[in-house]
Structures are given as C-alpha cells and as structure tokens.
Amino acid sequence: MRVEDNLKQIKSAIQEACIKANRKTEEITLIAVTKYVTAERAQEALEAGIVHLGENRDEGLLAKWDVLKDKPTWHFIGTLQTRKVKNIIDKVDYIHSLDRHSLAKEINKRADRKINCFVQVNVSGEESKQGINPEEVADFISCLADYKNINIIGLMTMAPLSADEELLRSCFRKLKNLQSKVKDLGFDFAPCTELSMGMSNDFSLAIEEGATMVRIGTALVGQKSQED
Ligand SMILES: *Cc1c(COP(=O)(O)O)cnc(C)c1O
C-alpha cells in the first residue's frame, strides 16, 4: 500500500474519533513511526504530507537523518540509554520516553536548547513496560525544575497489547487524569498540555480519550515486508 492511501484511511479514522469525542482534528498530531521501514519509505511519507517522524532507536534515527536531515520534525519515542543522548540530542525536537532522573540530567547537559519531553508512564503496571509508576509522576516532575533545557510538554504511555476495549480506555483515561493533575501544579517548566498515546491498533480509542499525539507505524507506513 502507498503511504498516501494509508494516510487517507487514518485521517478519516482520526476524524471519526474526533467527531465521537466532540474534538477538533487540529488537536491531533500524527507521528509516522518509521522504525520498521527504510529512509525511502519515510521520504514517501513526507511527500504524502506527513510532517512528524518517530524513531525508537538511535541507529534508526541517525540512518534516516542522513537522508532526510531536518525536513521532518523528529520524535524519539523509544527507550533511551543515557550514553546515547549525545548522538541524537541535536537532531530531535521531542523525546517521548523520559523515565528517570539520570536521563533528564543528561538531556539537560547535552542540549543547547529546550527539548520537549514527555514523561513516560507505566499506567498498566506490566513489568515489561517502561515508564514511571503513576503515583510517582508528580514527584518526579517536581524534581526537574533546575533543568533549563527540559520542557515537560506532556505524558506518554503504551497501552497493553490487548483487544479489550475497556482495558485500553481505562489506561488512556488514567493517563489523561494524571496529565490534568500535573498541568494543575502550574510549573512553568511543565505545561504538560499534551498526551502521547495511541498506536496502530488503538489510536481511535486513544483519541476518544484525549490523545493529542498519536504514534502510528504499521498502519501508516507498514513494516519492511509490506512496503510495496
Ligand atoms: C513501534 C512503536 C509505535 C508504533 O507502533 P505500531 O503498532 O506499528 O503503530 C508507537 N510507539 C512506540 C513507542 C513504538 O515503539
């Protein structure tokens, strides 16, 4: 499938979810996750009108950066090892996976401008999932005040791989509640207006529950074997 055709379908699904939830489509930023595909396929996404690209490993980001440079707005969405921050920091606009103090410290040290960061939250409590426990999020963010280059723009989560709609909704709802709480703290370094949640399988539900950024890979650009 061409990215253009997939994009049409996804846009209409986004629109439908927005109508259900009485939201505006302009509130939703679509991030094309290109981790499975080539730089050429990512280029095709840009030509189809995509602006935001997401990668989850530094190698993947750097390989695509070589080709696409700063044409897209880059999002780092995966687990980030502290020692790898320096490789990607001058290339990304958003980091979705801030989950520990040592990482915040390194981002702050290596960045020469404000980086928009999402605090990743392990809402589902699954052991396999990265992220801070929901009860610890407010305290974690409170401790970031001295990091001039870190702007906590929102919270991010990955829902469980499940077809149970209520389970998914409750996960997204919990993140939304947490986001409101952090926003209400009123920290100028943590406006926390955004919610990064929703992937190929669950983005419609995520939008209905308040997502402002959805991260879509498979359904939009496909996986390697599905490029043509
Ligand atoms: C891979 C990935 C996605 C996209 O997943 P799809 O199911 O292919 O849409 C979104 N977010 C993160 C953090 C990912 O690693």
Side-chain angles (χ1 to χ4, degrees), residues 21 23-24 26-31 33 51-56 61 73-82 84-86 88-125 129-159 170-199 203 206-215:
R23 302 183 62 196
K24 297 192 181 74
E26 301 87 71
E27 293 172 31
I28 317 296
T29 299
L30 172 59
I31 302 167
V33 176
V51 175
H52 298 266
L53 296 187
E55 282 283 332
N56 71 334
L61 184 104
T73 299
W74 288 103
H75 296 251
F76 194 86
I77 62 170
T79 307
L80 182 52
Q81 286 174 280
T82 306
K84 297 205 163 160
V85 169
K86 60 178 182 303
I88 60 138
I89 196 69
D90 57 343
K91 305 189 167 52
V92 298
D93 301 289
Y94 295 84
I95 294 175
H96 291 242
S97 46
L98 178 57
D99 63 353
R100 57 197 192 279
H101 205 92
S102 56
L103 181 58
K105 191 173 173 188
E106 181 70 6
I107 291 169
N108 184 64
K109 177 177 154 191
R110 299 285 179 180
D112 59 5
R113 66 198 192 291
K114 272 201 199 305
I115 306 289
N116 291 315
C117 295
F118 288 85
V119 172
Q120 184 168 355
V121 185
N122 185 357
V123 179
S124 66
K129 288 266 190 310
Q130 302 289 326
I132 294 188
N133 294 330
E135 320 75 70
E136 292 165 6
V137 168
D139 280 349
F140 173 73
I141 291 176
S142 307
C143 293
L144 303 175
D146 291 338
Y147 294 147
K148 302 277 173 286
N149 292 330
I150 290 191
N151 184 45
I152 301 298
I153 194 170
L155 304 182
M156 178 273 217
T157 200
M158 290 177 79
S170 97
C171 180
F172 295 140
R173 236 172 259 154
K174 282 179 190 160
L175 195 70
K176 168 85 184 164
N177 287 337
L178 206 50
Q179 178 234 335
S180 306
K181 275 189 202 148
V182 175
K183 197 170 143 212
D184 289 347
L185 293 174
F187 295 135
D188 55 358
F189 62 91
C192 205
T193 51
E194 308 302 312
L195 270 176
S196 169
M197 58 190 197
M199 311 183 4
F203 71 89
I207 289 171
E208 287 179 38
E209 299 298 340
T212 65
M213 295 202 181
V214 290
R215 312 177 307 267

statement: Of all heavy-atom pairs linking A206 and G198, the shortest is CB-CA, 3.5 Å
message: Counting C-beta onward and ignoring hydrogens, is there a side-chain heavy-atom pair between T212 and T193 closer than 4.5 Å?
response: no
- prompt: Quick one: salt bridge (Lys or Arg N to Asp or Glu O under 4.0 Å) partners of R23, sequence neighbours excluded?
  reply: E27
message: Could you go through E135 and V137, starting from their C-alpha distance and side-chain angles, then the distance that decides it, and tell me whether this counts as side chain to side chain contact (heavy atoms under 4.5 Å, CB included)?
response: CA-CA 6 Å; E135 320 75 70; V137 168; over 6 Å; no
task: May I ask you to check whether Y147 and H101 place their ring centers less than 6.0 Å from one another?
output: yes
field: Flag, side chain of D99 to backbone of I132, donor-acceptor distance under 3.5 Å
entry: no
task: Specify whether H96 and Y94 have parallel, tilted or perpendicular ring planes, treating 30° as the upper limit for parallel and 60° as the lower limit for perpendicular.
output: tilted
task: State the NZ-SG distance between K129 and C171, to the nearest 0.5 angstrom.
output: 8.5 Å
- prompt: Looking only at heavy atoms, which two atoms of E106 and V85 are closest? And how far apart?
  reply: CG-CB, 3.6 Å
R113 CZ to N149 CG distance, which is reported to the nearest 0.5 Å: 9.0 Å
Pairwise side-chain contact, I31 with V214, heavy-atom cut-off 4.5 Å (strictly under): no
message: Do F189 and L144 have side chains that approach each other closer than 4.5 Å (heavy atoms only, starting at C-beta)?
response: yes
message: Before you tell me yes or no, could you show the steps for I89 and I107 under side chain to side chain contact (heavy atoms under 4.5 Å, CB included), namely the whole-Å CA-CA distance, both residues' side-chain angles and the distance that decides it to 0.1 Å?
response: CA-CA 7 Å; I89 196 69; I107 291 169; 3.9 Å; yes
message: Using side-chain heavy atoms (C-beta onward) and a distance below 4.5 Å, is L30 in contact with M213?
response: no
C192 side, atom SG; F118 side, atom CZ - distance, nearest 0.5 Å: 9.0 Å
query: With side chains defined as the heavy atoms from C-beta onward, is the minimum distance between F140 and L98 less than 4.5 Å?
result: yes
task: Specify the closest pair of heavy atoms between L175 and M156, including all atoms of both residues, with the distance to one decimal.
output: CD2-C, 3.8 Å
message: Can you tell me how far apart CD1 (I141) and CD1 (I150) are? Round to the nearest 0.5 Å.
response: 11.0 Å
message: A side-chain contact here means heavy atoms from C-beta on lying under 4.5 Å apart; do L61 and K91 qualify?
response: yes
- request: Calculate, to the nearest 0.5 Å, the distance between atoms CG and CD belonging to L80 and Q120 respectively.
  value: 11.0 Å
- request: Before giving the answer on side chain to side chain contact (heavy atoms under 4.5 Å, CB included), spell out for V92 and H75 the whole-Å C-alpha distance, their side-chain angles and the decisive distance to 0.1 Å.
  value: CA-CA 6 Å; V92 298; H75 296 251; over 6 Å; no
task: Check the pair N116, D93 against side chain to side chain contact (heavy atoms under 4.5 Å, CB included), reporting the backbone distance first and the verdict last.
output: CA-CA 6 Å; N116 291 315; D93 301 289; 5.6 Å; no
NZ (K183) with more than 12 external heavy atoms under 6.0 Å: no
query: Checking E194 side chain against L155 main chain: does a donor-acceptor pair fall under 3.5 Å?
result: no
- line: Rounded to the nearest 0.5 angstrom, the NZ-NZ distance for K176 and K181 is 13.5 Å
- prompt: Quick one: are K174 and N177 in side-chain contact, heavy atoms under 4.5 Å?
  reply: no
K105 atom NZ, over 12 foreign heavy atoms within 6.0 Å: no
query: Is the backbone of K148 close enough, under 3.5 Å, to the side chain of N108 for a donor and an acceptor to pair up by distance?
result: yes
message: I'd like to check T79 versus N56 (side-chain heavy atoms, cut-off strictly below 4.5 Å). Are they in contact?
response: no
query: Where the side chain of N133 meets the backbone of E136, is there a donor-acceptor pair that is under 3.5 Å apart?
result: no
- prompt: Less than 4.0 Å between a side-chain N and a carboxylate O, is that true for R173 and E209?
  reply: yes
